[in-house]
Amino acid sequence: MKAPPCTRRQFLQNTCLAALLCLLPRDAPGGSTPIPQNQELTLWYRQPAPDWNSALPIGNGRLGAMIFGGVNRERLQLNEDTLWAGGPYDPVNPKAAAALPEARNLVFAGKYSDAAKLISASIMAKPLRQLPYETVGDLLLDFPDAAPVQDYRRDLNLDTAVATVSYTANGVKFTREIFSSPVDQVIVVRLTADQRGKISFTATMKTPQKAAIETEMTGGLKSIGKPEPGKELPVMLVLRGTNGDAEGIRGALRFEARISINSQGGTIRTASDSVSVTNADSAILLIAAATSFKNFHDVSGNPAPIVARQIAAAGKKSFDKLLKAHIAEHQRLFRRVSLDLGASPAMQLPTDERIRNFSQGEDPELAALYFQFGRYLLISSSRPGCQPAGLQGIWNNSMSPPWGGKYTININTEMNYWPAETCNLAECVEPLIAMVQDLAQTGAHAAQAMYGARGWVVHHNTDVWRAAAPIDGPNSGMWPTGGAWLSTHLWEHYQFSGDKAFLARAYPAMKGATLFFLDTLVEEPKHHWLVTNPSLSPEHSHPYGTAVCAGPTMDMQILRDLFAQTIQAAEILGLDADFRRQAAAARARLAPNQIGAAGQLQEWLEDWDMQAPDIHHRHVSHLYGLFPGHNISLRGTPEFAAAVKKSLQIRGDQATGWATAWRINLWDHLADGDHAFEILKFLLSPQRTYPNMFDAHPPFQIDGNFGGASGIAEMLLQSGGGEIELLPALPKAWPDGRVQGLRARGGFEVDMAWKDGRLTEAVIHSLAGNPARLRYGSATRDVRLSKGKTFRWDGR
Ligand code: FUC
C-alpha cells in the first residue's frame, strides 16, 4: 500500500512519531470533503457507544452534543449552556446575620458540633440546594435496518473538532460527519453514502422537559449543496419548552431547539412530530438551540428569533463553507500547542483498548492524547461569551445531574481552568472572569445581608443564577472562601498576559473579595492570629464531629495569595494606598502554615490531622499553598514543601478523579515526575477514565480531565516569582519528546525538545517584554527580552 502524504506539522519532522504516522493506514470518510485524519489526535472506536460515557462530545462553548453513533439509530443528546432549572432567586437566609456571632463564639469555645447545629438551623441558604443544569433532549435519527455492517468506525478528531461515524452495509459506505460550529452557532450533521439514493431516515426528538415537539415547512431558505430541482424543501423539527422547576423555584426560562432537515435528492415527508427522508443522495441537518436567559437576573430574552436567524444564516452556506470556517476557528486555538511524548505501536489501537492497557503497557502517546483532549474540552465548553465549564463542562443528559452539574468552587471549577493559561487557551478563561464579575454583585448582597460586611462573598457552590449563600449543610457549605479563590484567577490571567487594561477591569472584584475578609477576619484567642470563623477545610471532618472550625490552613493560604495579588494590582494601577496598607497589615497577622507532629503540613489551626476520621480524604485543601497557590515552593520554603510531601504520603495517591489529578499537580511541584506519572497511570485507567476519555469521579466529572491536562503541562513547565522552570518534573517514562506553545507567567511562550531525559533546546518567545530567569535543574539564565523577541537555550 502506498503511504499517504504526511501532513504533520513541521515541529514533528524527523521524530519517530512522524515516521510512524506516515505509515499508518487511514480511512478516508465518504462525502465530497474528505476530512483530514490525524490518527495521533483522534479518539476512535470499532463499535457504537453502548452508553453515555462512551458517546463522543462536541461543543462550541455553548451548544453541545454527545454522539452515540448507532447504526440503526443515531442519538445526539443536546445541551445549551444556559438551560438550567428555575430562575433568578435570592437564597440568603434572613436569620444568618443574627446567628453568626453565636456561631463564632461556639467555634472559639471548641463547641464545634453545637456551632454546626446552629449553622444548619439559621445560616444555611433557603432553598438549601442550588439549581441544576438540564439537558435539552435528544435528536434521534432512525435508519432502515442495516445489518450486517462492516468496517464500522466512530471517531472524534481533536484537531478538526469533527466527529465521524462510518460503516459499510450491503456494499454501500455510509458516513456521518458532525460538528458544533463556534462561527455559525449551529450543530451541523451531514449524512452521505458512496452510492446515490441510499440515504433514508426518520428524525424525531425526545425530551424530559415540559415541551412540545412539532414540524414546520419553511419556504424562502436557499438550499445547501446541489439539490435536485424541486427537492429542496427545508423542513423544521422544533422543540419549544420551559425549563424545570427545582427546589421550589419555578422554571422561568423559555427555550427552543430548531432543526432544519434538507436532502439532496429523494423525498422528505413530515408527520406531526417527525420528519422522514427517503432515498436521498445526502442530507444535512442544522441544529440550533437557545433560551430566554440574558443574564443571571434577566430572563426576558426570546429564543425563537435567535434560533430562526441562526438556522437561516447557516442554511445559506454550503456544508464545505460551514466546515471550513468551523475548522479554522477551532484550530486557531487548538493548534497553538503541540505535544509529542513519543510513539508506540499501541497508538494503532482503538482508544477504549488503549485506556484499558495504559497502566501496563507503553503508550506515551495516549498521555499526549489525554492532554490534548483536555484542551479540546475547554475550547468546546468555555468560549468567550458562554457560561463557564461546570462539573460536566456543557455535557449532561439529565434533569438532575450529579451535584446539579453546578459550579462547585471549593476545587472543581477552579481545577477546570488550571490548564487554560499554561496550555495557551487564555480566551477560554473569559467565561470564568465574567462569572466572577457577576458573583461580585450577588456576593455583595450575601456579604451585606449575612455578615454586615463590605465587599463580596461566595461559599462553596454557585449556579447559573450566581447564588452566593452557603448550601447543602454546614460540613460543606459553611466555607466563605470560594469567591476569594476564584478571584485569584483574575490575577493569574494578568500574570500570563501582562494586560494592564484587563487588570484595571478586574481590580474592583479583587478589591471587593479582599474587603470582605478585612471586615470579617477575627482574632483567635490562643495566638491572636487573624482567622476566618466560621469556616472549614473543604468537606473534611476534623476529629470533633464536624468540618466546621476557625482558620483552616487553606483559607489562610488563599487569603495570603489574594491579599498579595490585590495589593500588587493596586500598586501597578496606582490606587488605594490606605487600603493597601490595611490589607498588608491584615495579611501579616493571618495564621501561618504550621508543621504537625507527624511532619505533615497541618490542615487546621490545631494538629488534628492524624486523628481525623478519614486521613485518606480526597480533598487536599491545605496543600493549595504548593499548587495551585503560591505560598510554598520547593526552593523558597523547603521545610513546608517537605511537610506537603509528608501530607501527600499520608493521604495516599488514589482518590476520586479530580482528587487524583490534584495529587499529580502537587507531585509535579515537588519535582517528582516519576511519582506523578505513577498517579497519572491510575487516572488514565478504566477506574478513572471512561471509554470516551471523560474523567470518572466516578460518576463523570470533567475537572479530572482538566486537572489531568494541567498535571501533564506542569511536568514540563512551571512558572512563578519571575522564574520559568523547564522540564521540572519530566518522568523517566518520556525520555524523548517535544512540546510547543506552552505559556509561562510574565508573558512568555515556550517550546522545548528533550532527548534521553535531557533538555536539548528551549525556545522562549517574549510576549510582554518582561525579564525572566530560566531554570533547568540547577542551571539558571537571566534573560531580558523585548516584546516579540526569542531566546534559545540548551539548559547549560
Ligand atoms: C465536592 C467534592 C466531591 C464532588 C463534588 C462535585 O463536593 O468533594 O467529590 O466532586 O464537589
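Both counts, for ligands and for their atoms, begin at 1 and track the order of listing.
Remark: ligand 1 atoms within the under-4.0 Å shell around heavy atoms of L391 are 6 (C). Close contacts of ligand 1 with R618, meaning ligand atoms under 4.0 Å from a residue heavy atom, involve 2 (C), 3 (C), 8 (O), 9 (O). If you number the atoms of ligand 1 from 1 as listed, the ones under 4.0 Å from a heavy atom of H697 come out as 3 (C), 4 (C), 9 (O), 10 (O).
By the 4.0 Å heavy-atom criterion, K406 is excluded from the residues contacting ligand 1. Look at T656 and you'll find every heavy atom at least 4.0 Å from all atoms of ligand 1.
Ring pair W658/H619: centre-to-centre distance below 6.0 Å.
Considering backbone and side-chain atoms alike, Q701 places an N or O below 3.5 Å from some N or O of ligand 1. The N/O atoms of E539, backbone and side chain alike, include one that comes under 3.5 Å of an N/O atom in ligand 1.
Note on ring orientation: taking the six-membered ring where Trp is involved, the planes of W84 and Y407 are parallel (angle under 30°, cut-offs 30° and 60°).
Judged by distance alone, the side chains of N631 and R560 do bring a donor and an acceptor atom under 3.5 Å apart. N397 and T135 form no side-chain donor-acceptor contact under 3.5 Å, judged by distance and modelled atom types alone. Between the side chains of S359 and S685, no donor-acceptor pair is found at a separation under 3.5 Å. Under 3.5 Å, the side chains of H675 and Q649 contain no donor-acceptor pair of N or O atoms.
The shortest contact between atom 11 (O) of ligand 1 and any protein heavy atom is with N412 OD1, 3.3 Å. Counting protein heavy atoms only, atom 2 (C) of ligand 1 is closest to H619 NE2, 3.5 Å.
By the criterion of a heavy-atom distance under 4.0 Å, neither the backbone nor the side chain of I411 is placed next to ligand 1.
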Between D653 and R663, is a salt bridge (Lys or Arg N to Asp or Glu O under 4.0 Å) present by the stated rule, with each step listed?
-> CA-CA 7 Å; D653 290 344; R663 284 156 170 76; 6.0 Å; no
